[in-house]
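Being a predicted model, the structure only gives us computed values, none of them experimental.
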Amino acid sequence: MAATERVRLFVALELPSRVRSALAEWRSTAVGSRDDLRLVAPASLHVTLAFLGSRPVDELDAVTAALASSVDGLPAARLRVAGVKPVPPRRPRLFAFDLEDRDGGAAAAQAAVSEALASGGHYRPEKRPFWPHVTFARVRRGVKRVESIALPPPELDFTARHVTLYRSHLSPRGARYEALRRVELRG
């Protein structure tokens, strides 16, 4: 019996290109040439709404349809960079930009996507509450102690207008994300 082909999927809010560039520039300055952290590629900066994990490729049409219908008519998310957080705080595995969801648009999109994908059997919602954030650096394997990042993040307000279904291609150099379906939010 042949194994079913699988794809690794997630749904995210896309960041406007000017915001990705500003965050990547700040991150490069703040982290510099530290060898304890691995920087996330600028093109890979996003706000995850739902991580589906490895799914059968034959679910793609249903996942795409559920995504499109779930966010149809929702307003764009108005976000603001509110700080930098180590995750978890004591022994970080990553660093992220903490985002303020100014009008609840990101939370509304996340809830709609989560409900639609869960009802179709494509996703198991997380138990922890949704936290809008952008991961910008991961702690390298084997590193025991990580210094905090002292430089305050850039003051950025922006609107995320696209919810995107991504396929994640894993490799030893890190993940590469391929946009499979992009849905535009209102406003």
Check whether any side-chain N or O of [X] sits under 3.5 Å from a backbone N or O of [Y] as a donor-acceptor pair, and report yes or no.
X    : Y    : answer
S28  : A24  : yes
R186 : G73  : yes
R34  : E147 : yes
D98  : A82  : no

Taking a hydrophobic cluster as the set of Ile, Leu, Val, Met, Phe, Trp and Tyr residues connected by side-chain heavy atoms closer than 4.5 Å, whether directly or through intermediates, do L39 and V139 fall within one such cluster? yes

Quick check: is V81 connected to F95 through a chain of hydrophobic side chains (ILVMFWY, heavy atoms under 4.5 Å apart)?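 F95 and V81: one cluster.
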
Between L23 and P154, what is the shortest heavy-atom contact and its length? CD2-CG, 3.9 Å

Minimum heavy-atom distance V19-F158, with the two atoms named: CG2-CB, 3.5 Å

Determine whether E126 and R128 satisfy the following criterion, salt bridge (Lys or Arg N to Asp or Glu O under 4.0 Å), listing intermediate values before the conclusion. CA-CA 6 Å; E126 294 195 27; R128 61 186 168 193; 2.5 Å; yes

Would you compute the distance between atom CG of L13 and atom OG1 of T159 and round it to the nearest 0.5 angstrom? 11.0 Å

Taking it one step at a time, do R182 and E14 satisfy side-chain contact (heavy atoms from CB on, under 4.5 Å)? CA-CA 9 Å; R182 182 175 286 119; E14 280 186 36; 2.3 Å; yes

Where does the angle between the aromatic ring planes of Y177 and F10 fall among parallel (under 30°), tilted (30 to 60°) and perpendicular (over 60°)? perpendicular

Could you check whether Y123 and F51 have their ring centres less than 6.0 Å apart? no

Are there over 12 heavy-atom neighbours, none belonging to R124, within less than 6.0 Å of that residue's CZ?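 No, because the 6.0 Å sphere around CZ of R124 holds 12 heavy atoms or fewer from other groups.
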
